[in-house]
Amino acid sequence: MHFVIFSCQLLGFLRVFAFSQAYIQISQEYLNDILIDRAQDRAAGEYNYDYNGDDWTGLCQIGQSQSPIDLLYDDAIKNNTIPRIQFHHYGESLRTPLVLMNNGHTANMVIPPTRTGQRPFITGGLLRGEYEVQSVHFHWGSNSSKGSEHSINFMRYDVEMHIVHKNRRYESMAEASQNADGLAVLAVMFGAQPQPFSQYYGLNKIFNQLPRIVEYNTNTTIPGQLNMAQLLGNIIVGVFYSYNGSLTTPDCAEAVTWTVFPDVINIPERHIMKFWQLKDSRGTPLINNYRTIQDTNQRPVYYRGVSSLFL
Ligand SMILES: *[C@@H]1O[C@H](CO)[C@@H](O)[C@H](O)[C@H]1NC(C)=O
Ligand SMILES: *[C@@H]1O[C@H](CO)[C@@H](O)[C@H](O)[C@H]1NC(C)=O
Ligand SMILES: *[C@@H]1O[C@H](CO)[C@@H](O)[C@H](O)[C@H]1NC(C)=O
Ligand SMILES: *[C@@H]1O[C@H](CO)[C@@H](O)[C@H](O)[C@H]1NC(C)=O
Ligand SMILES: [Zn+2]
């Protein structure tokens with residue numbers, strides 16, 4: 001009897017030995033979410049960025065609603081009555097610890113519920129329904145190239161962060177990615193600045209852990225409290241581009257409503273350089289992990305915001 005209870009407790013928690021010399025307990029629920037996210041990434045098969053995705057097959061090659069694209073202010077349908085994006089539970093502290101992992105393609109963080117058990121979600125913009133946050137990851141360049149995926153008026157930025165959300169109507173990411181309204185991704189641009197005016201507590205915490213996940217398949221926990229709102233820095237969230245597109249990694253599922261904020265978060269270059277140190281599953285530098293710009297194919301691109309705020 002005692003033995004059964006004891007092993008249930010053992011199964012319930014995985015103890016991770018953190019660098020702080022302290023044991024941190026990862027809940028089974030969060031661990032499951034991480035394992036599912038890993039399985040989803042692995043299901044796409046082996047891929048790399050040697051040709052920035054030009055060698056990826058299937059829908060990545062034949063799809064007509066692919067991402068990223070160049071977002072052009074002049075070509076966008078301007079509509080200031082599109083609602084703002086509403087952020088729900090974005091300000092609530094997430095359950096700790098947060099796990100940041102090098103999955104060979106990016107630095108990825110599966111997002112746990114908040115401390116009160118809520119899943120942060122978004123509504124508004126051109127979204128219909130509620131989209132729950134799933135994970136956050138980054139795309140970057142190298143010491144000689146900028147690495148955002150989308151470009152805005154033909155301009156690339158140093159780093160692009162993706163906050164991936166799943167429509168609540170679907171049970172899993174796998175199911176959501178098979179539906180045109182399955183996913184909503186928020187894209188945030190970062191630019192290098194020698195002496196940025198602002199410090200971003202939450203983002204700094206993440207960037208500071210990057211040297212701990214240099215090798216493929218390694219992970220680390222992020223100390224302290226973090227909430228989703230911190231990841232947005234202080235960008236103007238009322239101004240954005242939105243369009244229907246795809247995942248930018250295999251299988252390039254055309255299931256994403258993109259919301260791309262043109263306002264840029266300025267961070268010190270020393271943080272951006274930390275991304276360039278990561279390695280992929282072959283042990284080669286994980287740099288330039290962005291996909292080539294795709295054809296827009298006459299898709300409507302919407303722009304919400306006041307044009308004078310456009311920099
Ligand atoms: C602007 O967006 C609003 C809200 O999405 C919509 O009701 C309206 O029809 C749009 N107007 C134009 C001209 O597209
Ligand atoms: C840039 O990185 C490459 C390898 O990734 C290296 O060979 C080169 O020396 C670096 N250049 C500078 C200016 O740091
Ligand atoms: C993180 O890495 C450790 C090994 O350092 C491993 O035991 C653990 O399972 C990993 N955690 C996750 C969530 O993958
Ligand atoms: C995306 O496609 C759906 C139809 O599948 C359409 O109703 C919606 O307006 C489109 N959204 C955008 C931003 O183009
Ligand atoms: Zn991405």
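Both counts, for ligands and for their atoms, begin at 1 and track the order of listing.
Nearest-residue assignment for atom 11 (N) of ligand 1 (options Leu126, Asn79, Ile77; heavy-atom criterion): Asn79.
Using a 4.0 Å heavy-atom cutoff, Met101 is listed among the residues neighbouring ligand 3.
Less than 4.0 angstrom separates some heavy atom of Thr81 from each of these atoms of ligand 1: 1 (C), 2 (O), 3 (C), 4 (C). Contact atoms of ligand 3 toward Asn219: 1 (C), 2 (O), 3 (C), 8 (C), 10 (C), 11 (N), 12 (C), 14 (O) (distance under 4.0 Å to a heavy atom of the residue).
Protein heavy atoms are absent from the 4.0 Å sphere centred on atom 7 (O) of ligand 1.
Phe121 has its ring centre no less than 6.0 Å from the ring centre of Phe87. Remark: aromatic rings of Tyr73 and Tyr303 are close, center separation under 6.0 Å.
Only one option out of Met189, Glu160, Gln294 pairs with Glu149 in a side chain to side chain contact (heavy atoms under 4.5 Å, CB included); it is Glu160.
No side-chain donor-acceptor contact under 3.5 Å links Trp258 and Ser242. A donor-acceptor contact closer than 3.5 angstrom is absent between the side chains of Tyr49 and Asn289.
At the Zn ion (ligand 5), the vertex angle linking NE2 of His139 with NE2 of His137 is 110° (nearest 10 degrees).
Taking the charged nitrogens against the carboxylate oxygens, Arg282 and Asp50 do have a contact shorter than 4.0 Å, which makes a salt bridge.
Its N, O or S atom nearest to the Zn ion (ligand 5) is what matters here, and for His162 that atom is ND1.
Of all the heavy atoms of Leu31, the ones lying under 4.0 Å from any atom of ligand 3 belong exclusively to the side chain.
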